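Bear in mind the structure is a predicted one, so any value in this text is a computation, not a measurement. In what follows, chains are A, B, ... by sequence order, proteins preceding strands, each numbered from 1.
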There are 2 protein chains.
Amino acid sequence: MTKVSNVKSTRASDVLVEYFEQRILDGSLPAGATLPAEREIVQEHGVSRTVVREAVLALANKGLIKAQPRFRPVVVKPGYDTALDVVGSVVSQLLRDSSGVRNLFDMRIMMEVNLVRHAALNASGEDIAKLEEALAANGAAIEDSVRFYETDIGFHKVLYEIPKNPILPAIHAAYTDWLSVHWRQMPRMPSRNQVNFEAHTRIFDAILRRQPDQAEAALREHLKFAWDQVSEELDGQDGR
Amino acid sequence: MTKVSNVKSTRASDVLVEYFEQRILDGSLPAGATLPAEREIVQEHGVSRTVVREAVLALANKGLIKAQPRFRPVVVKPGYDTALDVVGSVVSQLLRDSSGVRNLFDMRIMMEVNLVRHAALNASGEDIAKLEEALAANGAAIEDSVRFYETDIGFHKVLYEIPKNPILPAIHAAYTDWLSVHWRQMPRMPSRNQVNFEAHTRIFDAILRRQPDQAEAALREHLKFAWDQVSEELDGQDGR
DNA sequence: TTCAAATTTTTTGTCATACCAAAGAGAGTC
DNA sequence: GACTCTCTTTGGTATGACAAAAAATTTGAA
């Protein structure tokens, strides 16, 4: 499935890519190690520098190495953020029509429903404290729409951190990045901020009281409210 | 965030990549269209062919175009599967240590918990029928471990299809692909198959009876059982 | 006229070479 | 020892060349 079905993609650079990918994966090129100089690879593998360059570039695009302009390529320490980073372009294209945005937003709802339920059932005292802090910061920013936007993200971010799974914060960052375009177009004013803040408060309350169903309901209502506003903007520019 | 923060990566190919990425995104290069010949791009943009090639290759690696070895590059119709395809390499590296596998598996649990709850609350008659069919196929394959593996995947796949969000089946495919390595190492025998089939049955029953909490509990137990087996294998080869 | 085979022209993949610019190393000077 | 200046290394780009494959064109036969 992942294998690109290269039945006959006899690109010389591909075998180089595969070679280094192999070595990175099996650990003989650990994170932080540098690849040989291009001219060394040329001699060692008997290919032209063109091929080497293409291979290096491909590895860099795959997110396996980091090729700074005038330095040797360095094997990158993989993070869950880099994983979501390399898909950026494709995602952008998927978000071109409104149904793509809708699908992604639905995914977010699904995800956060789970997060608030999890929080209501398992949040530690420390988690609650962080959540409360984020909520307070959000409440203090109602009059300042820019800061409200930031603290809004911050509040949700805490939810993603509670399960202690490093994949989740990366997903959160990806969501906010990918959807930020539509987010910014959303009308922002203190009255709406007030509504959103109250929704946050209800979610927090439900988590505090250990009521997963209420937390889920509050979250769903909250995100539905947000979606309705994004949706208006979308329909204006894209009728599909 | 997505922008690779190259403050000064004055790579000439980058501006070309950006140019074509722009044109693909704004639709002036629709899916299926072919890029101009390399030499045309050379003349039009006043850069060397080296740069053009690097740009084309980069676009191909990003999954925006499909560059078959000796054919004109074609703008690709993006699917949610291609999005998850380009991350393959990074994910492989993330799964090198057991904690990476654990994190991904936890994500899967989280996801499927949501799916079974959703199914219990919203599954249509048609959905139920498909689920029942998949369950029956699974039950008929208990003696044949290979077929059981396939029908096992098939049963879970139906769960991902119920919400009608095209992102979900893509995620399911990615999960099974990425985790298949560890899955195959799992000991397979009719007795274990029997346990798994009964778990599937319990999940199905709970969905049928519209009991989200029971469905969630059954799923959690099911996946915990699966994880314990994978975990044993992992600990054997990787102590981290 | 129409369809298929053969031929010419493009076009991509690869190679070789050269030059530039910047970073780093080393020598020389104070 | 600190500073400056050169030299080497190394990646980024340009250019030209050639083979092989694809695309376009011509040719040939029915």
Side-chain angles (χ1 to χ4, degrees), chain A residues 3-21 23-24 29 31-77 82 86, chain B residues 3-21 23-24 29-76:
Chain A
K3 274 292 125 196
V4 208
S5 77
N6 3 18
V7 187
K8 50 172 57 183
S9 83
T10 347
R11 237 194 212 82
S13 59
D14 284 351
V15 320
L16 261 190
V17 170
E18 206 167 329
Y19 169 74
F20 282 112
E21 196 169 341
R23 291 199 52 189
I24 292 175
L29 274 176
T34 66
L35 262 56
E38 293 182 357
R39 287 166 176 93
E40 286 181 39
I41 304 179
V42 165
Q43 291 192 333
E44 189 168 340
H45 289 79
V47 291
S48 81
R49 205 165 143 229
T50 313
V51 174
V52 174
R53 301 210 94 246
E54 291 193 351
V56 169
L57 189 67
L59 289 168
N61 286 326
K62 279 165 170 274
L64 291 175
I65 66 176
K66 187 166 192 283
Q68 277 181 324
R70 294 212 148 58
F71 293 85
R72 269 142 113 125
V74 177
V75 177
V76 97
K77 178 179 163 66
T82 63
V86 297
Chain B
K3 276 292 120 193
V4 206
S5 77
N6 1 20
V7 189
K8 51 174 55 185
S9 87
T10 347
R11 245 194 208 78
S13 59
D14 284 350
V15 321
L16 260 189
V17 170
E18 205 166 330
Y19 169 75
F20 282 111
E21 197 168 338
R23 291 199 51 189
I24 292 174
L29 274 177
T34 65
L35 260 57
E38 292 181 358
R39 277 151 179 108
E40 286 181 40
I41 305 178
V42 165
Q43 290 192 334
E44 190 168 339
H45 290 80
V47 291
S48 81
R49 212 173 127 217
T50 314
V51 173
V52 174
R53 302 208 95 246
E54 290 195 351
V56 170
L57 191 65
L59 288 168
N61 286 326
K62 279 166 168 273
L64 291 176
I65 66 178
K66 186 166 194 285
Q68 276 185 322
R70 285 196 169 270
F71 291 78
R72 257 334 217 283
V74 175
V75 177
V76 97

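- Rounded to whole Å, the distance from CZ on Arg70(B) to P on dA19(D) is 13 Å.
- Checked by atom type and distance alone, the side chain of Arg72(B) pairs as donor or acceptor with a backbone atom of Leu35(B) at under 3.5 Å.
- At whole-Å resolution of the value, NE2 in His45(A) and P in dT14(C) are 15 Å apart.
- When the side-chain hydrogen bond (donor to acceptor under 3.5 Å, both in side chains) test is applied to Arg49(A), the partners found at least two apart in sequence or on another chain are Glu38(A).
- Between Arg11(A) atom CZ and dA20(D) atom C1' there is a gap of 15 Å when expressed in whole angstrom units.
- Side-chain N/O atoms of Ser48(B) include none lying less than 4.0 angstrom from OP1 or OP2 on dT13(D).
- Place Pro73(B) and Val47(A) on DNA chain C by their nearest nucleotides, and Pro73(B) ends up nearer the 5' end.
- Nucleotide dA23(D) holds its C1' atom 17 Å from the CG atom of Leu35(B), rounded to whole Å.
- When every heavy atom of Val17(B) is checked against every heavy atom of Ala58(B), the shortest pair comes out as CG2-CB, 3.8 Å.
- Arg49(B) contributes no side-chain N or O that forms a donor-acceptor pair with the base of dG16(D) under 3.5 Å.
- The CG-P distance, from Asp14(B) to dT13(D), rounds to 8 Å in whole Å.
- When the P atom of dT10(D) is taken as reference, atom CZ of Arg53(A) falls 14 Å away, rounded to whole Å.
- Between Glu38(B) and Thr50(B), the residue anchored nearer the 5' end of DNA chain C, judged by the nucleotide with its closest heavy atom, is Glu38(B).
- dA21(D) atom C1' lies 8 Å from atom CZ of Phe71(B), rounded to whole Å.
- With distances taken from any side-chain atom of Ala12(B) to the nucleotides dA20(D), dT13(D), dG11(D), the minimum falls on dT13(D).
- Atom P of nucleotide dG11(D) and atom CG of Leu57(A) are separated by 14 Å, given to the nearest angstrom.
- Remark: the Arg72(A) side chain and the dG11(D) base include no donor-acceptor N/O pair separated by less than 3.5 Å.
- Looking at heavy atoms from C-beta onward, Ile65(B) lies in side-chain contact with Leu59(B) at the 4.5 angstrom threshold.
- Closest approach of Leu29(A) and Val75(A) over heavy atoms only: O-CG1, 3.7 Å.
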